[in-house]
Amino acid sequence: MRTNKNREIIWVNDAYLALSGYSRDEVIGKRPSQLTFCPETDPLEVAKLIEAIDRGQAASATLLNRTKDGRMYWINLDIQPLLDEQGQLEGFQAIETEVTELVEAQRRADDALANLNAYQSALDEHSIITVADQFGHIEFVNDRYCENSGYSREELIGQSYKSVQSDMHDPSYFQKMRDTINAGHSWHGEVCNRAKDGSLFWVDATVVPLPATQTNKPRFVNMLYDITERKRTETELLTAREQAESANRAKSSFLANMSHEIRTPLNGVIGVVGALSRTNLTHNQREMVDLIQSSGETLELLLSDILDVSKIEAGKFTLQPEPFDLRKTIEATAQVMGIRAEEKGLGFHVNFCPGTEGLFEGDGVRVKQIVSNLASNAVKFTQKGQIDISITATDKADGSCDVMISVKDTGIGFDEQTKNRLFARFEQADASITKNFGGTGLGLSICRTLTDMMGGQFLVTSEAGIGSLFSVILPLPRVKLEAQNIPPQTSPSIAPTGILPHAASRSILLAEDHPVNQRVIAMILEPHGIALTIAQNGAEAVEMWKNAHFDLVLMDMQMPIMDGLSATKQIREIERNDGLRRTPIAMVSANAMKEHITQSFWAGCDFHIAKPVTPETLLKGIDATLEACKSSEQAASGKAKNSV
């Protein structure tokens with residue numbers, strides 16, 4: 001293109017016409033700006049170009065133009081001034097080169113670079129980035145890595161990763177990482193590194209291998225995330241957990257020891273008063289004995305509640321489901337509570353609805369405990385009126401059965417606000433209740449927990465000054481008729497009844513180091529014509545057993561020199577080695593937790609009698625021990641015959 005000095009077009013070639021879309025007639029005499037000027041072009045570029053032309057100087061620029069039909073395109077414009085023979089400006093010659101594709105490509109590259117920089121900035125804010133060659137020598141680190149490690153970029157480039165590794169990992173850990181990335185796979189793991197100041201910092205690492213290119217050898221990229229705080233928290237939590245477990249073990253040990261220490265003197269109180277109650281007493285003496293006996297039983301129930309709470313908190317509380325007679329279980333509890341209600345002048349009624357007969361599958365002891373606690377509370381908090389206990393059994397279509405036990409009273413009741421905290425442990429409806437009625441506030445909490453463990457529901461409605469209704473719904477499947485004909489196995493924790501005469505005229509060895517407990521058991525057994533020999537410890541008991549015949553051994557668990565478990569094991573070992581007949585052994589111990597009972601049976605005992613003992617529990621326990629030993633001998637004899 002050529003223009004005169006007024007910048008009017010005097011000549012264009014065909015290429016210009018093809019590019020702009022105009023005809024020659026349309027462009028001759030026009031200024032280029034009138035034809036192809038685009039408002040979107042850079043005004044600074046246009047101003048620089050006009051300034052050079054005004055001075056009659058050469059100029060160049062990259063401009064955005066527009067064709068006749070509105071299409072925009074980019075050109076590189078090179079303008080040279082044309083001078084006459086006298087050096088005067090005649091016009092200009094311009095060469096335009098379309099560079100649309102080049103400009104667009106450059107703009108895309110600029111955008112990509114801007115995006116890449118943005119991504120890198122975002123990545124730098126979140127992650128620690130490093131690049132290393134195939135031998136682990138660092139080629140690149142971002143600022144975050146320098147901040148975490150304490151090293152400058154210059155100190156790290158060219159160094160091996162080993163310079164920042166800690167000694168927290170076995171060498172095989174990094175060998176597995178290298179094997180993985182050398183196989184072309186990404187590796188992910190947690191790595192502990194050492195900073196310049198010697199401190200440790202943990203990173204969650206993802207290592208991605210980069211294959212070799214024409215210009216680069218194989219490399220790998222590390223994307224790291226700082227997890228030092230998380231690891232510190234995990235360590236603190238682990239330490240706290242270990243401390244809590246240690247404290248829990250200490251608490252369990254303490255409670256076990258306290259149980260033993262409390263039950264031992266309590267055994268003396270309950271045992272002696274039980275023996276005393278069977279003697280001739282005046283009316284006043286009988287009243288005093290009854291008060292002592294009632295207080296002792298209350299203390300024993302309180303101790304059992306505390307131990308149950310401890311086992312629940314420690315996660316060691318388990319149910320022992322087996323067939324049990326629902327009516328007999330509840331009647332036994334109701335009979336005791338009925339006497340207490342009668343003493344307060346209260347009405348007491350128990351109603352078994354049709355369908356509650358027969359055996360049910362469940363933990364009968366814990367069902368009895370629920371009824372006992374609910375009924376005990378009802379009697380305790382009722383001053384006048386009556387207590388009604390009702391039991392229903394609803395068979396469901398799927399073969400299961402829901403047993404509902406409801407205890408209704410006309411006692412003090414409570415409001416909705418009190419209800420929300422009533423089931424918390426050690427809570428009472430009112431602080432003054434502790435003074436007026438006594439108790440620890442554990443009963444309802446234990447009932448609620450037992451109900452939940454059985455998969456049941458615990459319901460309560462109450463009105464202050466009117467009374468309360470507590471109901472539990474327990475899924476207790478019925479035991480089928482054919483199963484009811486099978487004699488139930490004797491539970492280690494429940495002594496059979498009605499076979500006291502079998503215990504008479506027996507020779508019994510008692511291993512017991514506590515003088516009071518020795519005297520208590522002697523006082524209980526003397527009226528029944530039982531010959532009692534006393535050993536002061538387990539070692540003495542073993543020697544006495546070797547040198548004389550005894551129909552039964554009563555073994556205390558905790559004794560000096562040799563404990564009851566060790567003594568029992570030694571007796572059983574001698575019996576096996578010498579082919580002797582099995583001696584019935586009962587563990588009579590204040591250690592009454594489940595693990596202690598299990599230890600007793602593992603040692604070789606036939607039965608476990610928990611202290612404090614009463615004449616009834618001791619004599620029934622002796623009879624149950626004899627029966628259990630007889631069953632063990634029959635079972636052993638059957639095995640021997642089968643093996644012949």
How close do [X] and [Y] get, counting heavy atoms only, and between which atoms?
X    : Y    : answer
M223 : I129 : CG-CD1, 4.1 Å
T568 : A603 : CG2-O, 3.5 Å
N142 : R153 : C-NH2, 3.5 Å
L476 : G362 : CD2-CA, 4.1 Å
M557 : S589 : CB-OG, 3.3 Å
S462 : G467 : OG-O, 3.2 Å

Counting C-beta onward and ignoring hydrogens, is there a side-chain heavy-atom pair between [X] and [Y] closer than 4.5 Å?
X    : Y    : answer
P209 : S186 : yes
R107 : E104 : yes
M337 : I389 : no
L374 : L444 : yes
T392 : S390 : no

W202 and H169 aromatic centres sub-6.0 Å:
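So the answer is yes for these two rings.
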To the nearest 0.5 Å, what is the distance between [atom1] on [X] and [atom2] on [Y]?
X    : Y    : atom1 : atom2 : answer
S566 : I561 : OG    : CD1   : 12.5 Å
C447 : N377 : SG    : CG    : 7.5 Å
I412 : I466 : CD1   : CD1   : 12.5 Å
M562 : N537 : CE    : CG    : 8.0 Å
L474 : I370 : CG    : CD1   : 5.0 Å
S372 : I330 : OG    : CD1   : 11.5 Å

Should the pair F458 and F470 be assigned to parallel (<30°), tilted (30 to 60°) or perpendicular (>60°) ring geometry?
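Taking F470 first and then F458, their aromatic rings stand perpendicular (interplane angle over 60°).
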Ignoring hydrogens and angles, tell me if any N or O in the side chain of [X] forms a donor-acceptor pair with the backbone of [Y] under 3.5 Å.
X    : Y    : value
D606 : I585 : yes
D556 : A511 : no
S160 : H137 : no
S166 : C192 : yes
T100 : W74  : yes
N193 : F201 : no
S149 : Y145 : yes
S246 : E242 : no

Carboxylate-amine/guanidinium contact E139 K217, below 4.0 Å
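Looking at K217 together with E139, the answer is no, because their closest N to O distance does not fall below 4.0 Å.
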Would you call R232 and E236 a salt bridge, taking side-chain N to carboxylate O under 4.0 Å as the test?
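Here R232 does not pair with E236 in a salt bridge, since their nearest N and O are not under 4.0 Å apart.
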Within 6.0 angstrom of E101 CD, more than 12 heavy atoms from elsewhere:
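Result for CD/E101: open.
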Let me see the working for M587 and L565 under side chain to side chain contact (heavy atoms under 4.5 Å, CB included), right down to the final yes or no.
CA-CA 9 Å; M587 188 67 72; L565 296 174; 3.7 Å; yes
Output, in order, the C-alpha distance, side-chain angles, deciding distance and verdict of side chain to side chain donor-acceptor pair (under 3.5 Å) for N222 and Y161.
CA-CA 11 Å; N222 290 292; Y161 275 127; 2.5 Å; yes
W187: which of Y173, F220, F174 passes ring-ring contact (aromatic ring centres under 6.0 Å, His included)
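For W187, the ring-ring contact (aromatic ring centres under 6.0 Å, His included) check succeeds only for Y173.
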After noting the C-alpha distance and the side-chain angles of T206 and H188, does the key distance pass the side chain to side chain contact (heavy atoms under 4.5 Å, CB included) rule?
CA-CA 5 Å; T206 300; H188 180 265; 3.1 Å; yes
Run the salt bridge (Lys or Arg N to Asp or Glu O under 4.0 Å) test on R230 and E234 for me, step by step, so that the C-alpha distance in whole Å, both residues' side-chain angles and the decisive distance to 0.1 Å come before the verdict.
CA-CA 6 Å; R230 194 195 81 190; E234 288 177 355; 3.2 Å; yes
Identify every side-chain donor-acceptor pair in residues 397-405 under 3.5 Å, counting partners at least two apart or on other chains, and give the distances.
{"unit_1": "D398", "atom_1": "OD1", "unit_2": "S400", "atom_2": "N", "d": "3.0"}
{"unit_1": "D398", "atom_1": "OD1", "unit_2": "S400", "atom_2": "OG", "d": "2.6"}

With side chain to side chain donor-acceptor pair (under 3.5 Å) as the criterion, how do Y151 and S163 come out once you've worked through the C-alpha distance, each side chain's angles and the decisive distance to 0.1 Å?
CA-CA 11 Å; Y151 290 99; S163 61; over 6 Å; no
Working for side chain to side chain contact (heavy atoms under 4.5 Å, CB included), residues V164 and L156
CA-CA 9 Å; V164 294; L156 292 169; 4.2 Å; yes
As a quick check of understanding, evaluate side chain to side chain contact (heavy atoms under 4.5 Å, CB included) for F414 and V460, giving each step before the final call.
CA-CA 11 Å; F414 49 85; V460 57; 3.7 Å; yes
Consider side-chain contact (heavy atoms from CB on, under 4.5 Å). Of L359, V367, V479, which one does F324 pass it with?
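Among L359, V367, V479, the one that satisfies the side-chain contact (heavy atoms from CB on, under 4.5 Å) with F324 is V367.
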